[in-house]
Amino acid sequence: MITLAEGLRLPTNGLDYTILALYFIVVLGIGFAAKRSVKTSLDFFLSGRSLPAWVTGLAFVAANLGATEILGMAANGAQYGAYTVHWYWIGAIPAMIFLGLVMMPFYYGSKVRSVPEFLLHRFGPSSHLLSSVIFAVSSVLIAGVNLYAMAIVLQALLGWPQWIAIVVAGFFVLAYITIGGLSSAIYNEVLQFFVILAALIPLTIVGLKRVGGWDGLTDSLSSSHGDAFLTAWKGTGIGEGNPLGANWLTIVLGLGFVMSFGYWTTNFAEVQRALSAKNLSAAKRTPLIAAFPKIFIPLVVVVPGLIALVMEPSLGKSKDGLQYNDAIPVLMRDLLPNGVLGIAVTGLLAAFMAGMAANVSSFNTVFTNDIWAAYLKKGREDAHYLKTGRIVTAVGVLIGMGTAFIASSFSNIMNYLQTLFSFFNVPLFVVFIIGMFWKRTSAAAGFWGLLSGTAAAMVNYFWLYKQGIIALPSDQGANFVSSIVAFVVGALVMFVVTLCTEPKSAESLAGLVYGTRSPGMAELPAEGDDAWYRKPALLGWSAVVLAALCYVPFSF
């Protein structure tokens, strides 16, 4: 169950609730301010493609920095130790660089409104409809996890009944997205990014001081869990054992390539932020700008998980006691005074709302543009689709409330999310990557590659792994293997089907396959100077080098 222990009730007072109330007021205020710019469906779904790169870049990283990641990666830190940094420096940064430098010119230049719409142009309606349905389902599943997990946290920390927490948070997310569209969601995500940091940085600093600094932390964990617990690579040889239950091959291929690239390059909840940028240069820089804060997120997410394990050695030891998901709440309860505690609770709530808003805003875009407008109600006036988008937002929130309970069988919420990514994002990635680099790939290959990859991942996880036919040490290790299976099966099916079917005409592939260009992909004027931070390639390589250097303290 996604539950927190009963003993985690926080000693909140009026000051803490005042801070929380002020945050809610600001959130709604941003929604009403953004409403003035929403006049068309493009304004509602993509902010009129008018936002600067620094705004979309911060929103890009904030959309991913939901409370499921904060609680989940802190839980991973407590459960798996320093191996968790792989999710950032291997499992995020390279894929974000690839998205900015290689894939954004195709997304933005083709003027599509969503990731599935790109598949419509490249592979045709069958792949488009299948990917739209898959993405709509995954969006509400992930949005529901944020909402349900937040309700559990607020019940444990503040004593709110679950239904009140669900209604309150759902109302505010629904209100500011419905009122101001994507612009409201993005500007609130920028605010939430700084609120989240304001909560996590003091928690980390005070926690380190409590356990005797970095030396005290490493000495305690080395004596209780062994030296390998604080290294990223030790024990990852093939055939060796480690807490993560994965070797270097499954980490590099399963997490670092297949799962990571599958998530960051095809997850519309992230790509949508870059598509709202004001020109192609800003769109390319969006994930690159986001990569720099992403490099340092482990310092305020994974490290607190390690600190909590020292302060509460009973974490995860029994089903009735404190669980790994309790790592952050334990530190909040034991370390923070009133006032700072209010900021921390607000930051946690902001993180939940950021994660949920990102998925709800992407759900309403995909459903309205790629399902409703494309197949159910074609050719209506723009006002009809704007109204539909607002209605679908409400529907998405309501469905999210119901789907959240599916996650209740996972003791570590990141295990659940990574399972979803292996099912839905990895098959999308294999279709994208082959379709973008191989002109011969046919429309039928895109459909069958997507379907077979999704089915293969589910068969591997639910039948081979869950039924004990193959032995895998952990859910995370099973997710890495499922991702590799989905990629390999999808790629093989695409290759075979392509050779048996007719390719699309060369004219229809202009601007959709690497090495081809269309008039819409011409570089728009940049902002007017030649500063280093406006050069995507330099930003990208700088982030890669910095991420690699961060591995040094955890390598041995």
Side-chain angles (χ1 to χ4, degrees), residues 31 34-35 37-51 56 59-60 62-64 99 103-104 107-108 110-121 128-144 146 173-174 176-189 263 265-277 283 286 354-378 380 382-400 424-425 428 432:
K35 182 181 180 181
S37 64
V38 180
K39 297 180 176 62
T40 68
S41 61
L42 184 65
D43 296 331
F44 186 79
F45 294 122
L46 287 179
S47 302
R49 296 185 188 269
S50 62
L51 301 180
T56 55
F60 189 97
N64 179 253
L99 172 64
M103 296 189 72
M104 279 317 302
Y107 283 141
Y108 197 92
S110 60
K111 297 301 178 185
V112 297
R113 294 191 176 196
S114 67
V115 168
E117 188 178 345
F118 184 88
L119 290 183
L120 173 63
H121 297 311
H128 174 239
L129 180 58
L130 178 60
S131 65
S132 299
V133 172
I134 287 176
F135 186 80
V137 171
S138 65
S139 294
V140 293
L141 283 172
I142 297 171
N146 279 277
V173 172
L174 175 62
Y176 73 73
I177 295 180
T178 303
I179 293 169
L182 184 63
S183 293
S184 175
I186 285 179
Y187 280 111
N188 268 303
E189 284 162 2
Y263 174 80
T265 65
T266 67
N267 184 21
F268 187 50
E270 302 294 338
V271 176
Q272 188 180 28
R273 274 73 194 145
L275 288 178
S276 66
T286 293
M356 183 180 180
N359 284 281
V360 169
S361 61
S362 59
F363 168 76
N364 66 29
T365 302
V366 168
F367 184 89
T368 303
N369 291 324
D370 296 289
I371 298 177
W372 187 262
Y375 300 101
L376 300 177
K377 297 290 183 180
K378 299 181 180 180
R380 298 297 183 93
D382 189 72
H384 170 80
Y385 299 122
L386 178 59
K387 180 180 179 181
T388 301
R390 289 194 162 109
I391 294 174
V392 170
T393 300
V395 173
V397 172
L398 293 176
I399 295 176
F424 300 128
N425 293 99
L428 268 176
F432 266 87

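Computed from heavy atoms alone, side chains included, the values below leave out hydrogens, waters and symmetry copies.
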Euclidean distance, Ser139 OG relative to Phe367 CZ, rounded to 0.5 Å = 12.5 Å
Any side-chain heavy-atom pair from Asn64 and Tyr263 closer than 4.5 angstrom?
-> yes
For the residue pair Phe432 and Leu119, establish whether any side-chain heavy-atom pair is separated by less than 4.5 Å.
-> yes
Can you tell me how far the OG1 atom of Thr368 sits from the NZ atom of Lys377, to the nearest 0.5 Å?
-> 13.5 Å
Where do Ala277 and Tyr108 come nearest, in terms of heavy atoms and distance?
-> O-OH, 2.8 Å
Heavy-atom nearest pair, Ala373 first then Asn369, reads CB-O, 3.8 Å
Quick one: does Leu99's side chain get under 4.5 Å of Phe60's, heavy atoms only?
-> yes
Would you find a donor on one side and an acceptor on the other, under 3.5 Å apart, between the side chain of Tyr385 and the backbone of Arg380?
-> yes
Hey, what do you get for CG (Leu51) to OG1 (Thr56), rounding to the nearest 0.5 Å?
-> 6.5 Å
Gap between atom OG1 of Thr365 and atom CD of Gln272 - 0.5 Å precision | 4.0 Å
For Ser131, all residues meeting side chain to side chain donor-acceptor pair (under 3.5 Å), sequence neighbours excluded | none
Excluding sequence neighbours, so at least two apart, what forms side chain to side chain donor-acceptor pair (under 3.5 Å) with Thr265?
-> none
Any side-chain heavy-atom pair from Met104 and Leu275 closer than 4.5 angstrom?
-> yes
Taking all heavy atoms of Ser132 and all of Val366, pick out the closest pair and write down the distance.
-> O-CG1, 3.8 Å
Where Glu189 and Arg273 come nearest, the two heavy atoms and their spacing = OE2-NH2, 2.7 Å
Considering all heavy atoms, the nearest Ser361-Asn364 contact | O-OD1, 2.5 Å
Please report the C-alpha distance between Phe135 and Val115 in whole Å, then the side-chain angles of each, then the deciding distance to 0.1 Å, and finally whether the side chain to side chain contact (heavy atoms under 4.5 Å, CB included) criterion is met.
-> CA-CA 9 Å; Phe135 186 80; Val115 168; over 6 Å; no
Describe, in one word, how the ring planes of Tyr107 and Phe118 are oriented to each other, choosing from parallel (under 30°), tilted (30 to 60°) and perpendicular (over 60°).
-> perpendicular
Non-hydrogen atoms of Phe363 and Ala136 that approach each other most closely = CD1-O, 3.6 Å
How many angstroms lie between atom OG1 of Thr266 and atom CD1 of Ile134, to the nearest 0.5 angstrom?
-> 10.5 Å
